[in-house]
There are 2 protein chains.
Amino acid sequence: MLPPSYENLFSYNAMEFYMVSHTLTVGFAIMLAALFYFILTIRTVAPRYRISSVLSVVVMVSAFLILFFQQQSWENAFMWDETQQLFIRDEAALPFSNGYRYLNWLIDVPMLLLQILFIVEITKQRRASLRNWFFFSGSMMIVTGYIGQFYEVSEVVRGEAGEILSYSLAGTPFFIWGAISTLFFFHVLFLIYKIVQEARKELPGNAATVMGTIGVLFFVSWFLYPGAYLMPLWDEGAMSVVGRQITFTVADVASKVIYGILLAYVAQIRSNHDGYVYEEIEGGNEGLEAA
Amino acid sequence: MLPPSYENLFSYNAMEFYMVSHTLTVGFAIMLAALFYFILTIRTVAPRYRISSVLSVVVMVSAFLILFFQQQSWENAFMWDETQQLFIRDEAALPFSNGYRYLNWLIDVPMLLLQILFIVEITKQRRASLRNWFFFSGSMMIVTGYIGQFYEVSEVVRGEAGEILSYSLAGTPFFIWGAISTLFFFHVLFLIYKIVQEARKELPGNAATVMGTIGVLFFVSWFLYPGAYLMPLWDEGAMSVVGRQITFTVADVASKVIYGILLAYVAQIRSNHDGYVYEEIEGGNEGLEAA
């Protein structure tokens with residue numbers, strides 16, 4: 001039988017345990033803080049771009065909830081053992097599970113991909129087609145990765161008292177599902193690459209430069225996710241659990257928060273370029289109302 | 001004695017247990033995220049259609065709460081048994097119950113049905129009449145289904161230690177109440193069918209097409225509910241519990257969130273057609289106020 005996930009194979013020293021807990025805590029705090037940021041800055045861009053900020057808010061809600069529950073799940077799953085001076089599995093509590101993250105990405109990924117389509121210059125038809133591909137490949141990438149992560153631990157040998165004597169990682173289904181997921185991942189990256197390249201040619205001045213940065217950020221931050229999926233293969237010890245949670249959280253902040261802020265920045269440049277005025281108050285109450 | 005529901009007859013392996021838990025988690029996250037979406041986009045439609053977004057918000061609150069409590073109820077009802085490597089009933093905790101859902105639909109169903117009446121073109125009198133029928137048949141459908149689900153497990157034979165030796169499913173009351181519920185269900189579907197057909201003739205251009213999509217979405221997503229009600233009859237094992245929770249969640253997202261987004265989209269098209277301006281700022285404060 002499989003244990004519910006790789007994270008439950010180990011005991012953790014205080015530093016390892018708390019690094020995970022603290023990282024998840026700063027993660028959900030960033031998401032809630034950014035949620036307010038995106039709501040409060042929504043009117044700095046012209047109405048036609050505001051849907052990008054709305055989608056950032058949607059992503060922040062989802063990311064906040066999931067990081068909050070991951071943190072709670074982590075803290076509940078283990079207890080401090082004074083004799084061993086280690087955090088060990090609390091048998092009475094639910095084991096820690098990473099799977100929550102995966103399914104929650106069913107919200108985030110389509111939204112993050114959709115978001116960029118409202119910032120670049122694109123025909124309605126092409127937007128609809130890209131949206132459908134994003135929804136399809138994005139969802140397939142997540143669902144197949146989700147199934148794969150259940151097979152992270154392929155075999156556990158236990159002693160008489162139920163203690164873990166040995167385990168093997170990553171059986172065949174882990175790699176097959178991971179490989180299928182990666183195909184969809186590359187499809188998404190390919191579409192984003194094309195969108196960013198086109199946008200850099202067409203957007204006015206500074207917006208093109210920022211769009212280039214968004215492209216780089218997208219590639220770097222998204223590649224952290226398969227890295228985290230495979231992390232137990234690089235280091236089979238407790239430190240890979242810590243490394244994975246840090247990697248996931250850094251990736252979440254980069255691909256959701258910073259990405260959203262940069263998209264809003266492009267929208268601001270384009271809004272000014274389109275003649276949208278947020279800052280001025282002459283000639284009426286517009287400025288004040290707009291706050 | 002009957003066990004409070006079918007779900008409590010089984011032990012679950014890690015994958016089965018977590019698929020339910022993860023699905024419910026993504027479900028309530030979607031509801032909270034969509035709640036923000038409907039609030040933040042309310043001014044993209046003319047004031048006369050905004051009540052539809054308000055009703056979507058009402059539905060999101062109700063659906064968020066119920067999925068959150070279903071998830072908590074699921075996680076509390078079972079505990080990890082290290083020796084069996086299974087999640088088993090935690091005798092000290094409340095058994096899992098699906099009944100929460102049913103009664104909560106007393107909020108959602110009338111609101112979802114009412115919502116569409118503010119988007120289509122309809123006389124005040126006809127709207128009042130349809131509203132009354134919707135409230136009546138919608139509520140009766142739920143209450144009778146709610147009573148029926150108590151009879152899902154009709155007989156349980158237990159051994160000396162209280163362990164379940166055998167059980168039978170779906171006694172006569174399960175089918176009688178289910179059949180009564182289905183009559184009201186068909187009445188609701190018939191009314192919706194007529195509304196959608198009329199709307200497709202009368203609404204301008206693209207709005208008619210979207211209304212057709214709403215009709216299809218409505219039929220497909222609403223038929224998932226009786227499917228979930230009957231699920232134990234198709235597969236008498238633990239997988240039908242997983243299948244049922246996934247089906248309920250997919251149905252909830254489709255019939256509440258996607259339905260609400262599409263209704264708001266029809267409202268946007270109609271708003272533009274009526275001359276409502278959200279995007280422009282010249283000649284007044286509309287654009288700024290509209291945020």
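Bear in mind that the values here come from a model prediction, so they are computed numbers and not experimental data. Chain identifiers are assigned alphabetically (A, B, ...) following the order of the sequence lines, protein sequences preceding nucleic acid strands; residue numbering begins at 1 within each chain. All values below were derived from every heavy atom in this structure, side-chain atoms included, with hydrogens, water molecules and symmetry-related copies excluded.
A distance of 8.5 Å separates CD of B:Glu75 from OG of A:Ser97, quoted to the nearest 0.5 Å. To the nearest 0.5 Å, atoms OG1 (B:Thr25) and CD (A:Gln70) are separated by 9.5 Å. Taken to the nearest 0.5 Å, the CD1 atom of A:Ile66 stands 8.0 Å off from the NE2 atom of B:His22. Distance OH/B:Tyr18 to OH/A:Tyr100: 5.5 Å, rounded to 0.5 Å.
Dense packing is recorded around CH2 of B:Trp222, with more than 12 heavy atoms of other residues, nucleotides or ligands lying under 6.0 Å away.
Nearest heavy-atom pair across B:Ala14 and A:Phe150 is O-CE2, 4.3 Å.
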Handout entry: side-chain contact (heavy atoms from CB on, under 4.5 Å) evaluation trace for B:Phe36 with A:Ile39
Key = CA-CA 10 Å; B:Phe36 279 86; A:Ile39 291 177; 4.1 Å; yes
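Proximity to chain A (any heavy atom under 4.5 Å) is restricted, for B:Phe17, to the side chain, taken from C-beta onward. Using a 4.5 Å cut-off between heavy atoms, A:Tyr146 contacts chain B through its side chain alone, with no backbone atom that close. Contacts between B:Thr41 and chain A at a heavy-atom distance below 4.5 Å involve the side chain alone, from C-beta outward. Contact annotation for B:Phe38: neither backbone nor side-chain heavy atoms come within less than 4.5 Å of a heavy atom of chain A. Within the 4.5 angstrom heavy-atom criterion, atoms from both the backbone and the side chain of A:Leu103 approach chain B. Using a 4.5 Å cut-off between heavy atoms, A:Arg89 touches chain B through its side chain atoms alone.
Listed in order of number, the residues of residues 51-61 of chain A that approach chain B to under 4.5 Å between heavy atoms are A:Ile51, A:Val54, A:Val57, A:Val58, A:Val61.
Aromatic ring centroids of A:Phe69 and B:Phe28 lie under 6.0 Å apart.
In this structure, the side chains of A:Ile107 and B:Val26 come closer than 4.5 Å at one or more pairs of heavy atoms. Annotation: side chain of B:Tyr37 is not in contact with side chain of A:Met111 (no heavy-atom distance under 4.5 Å).
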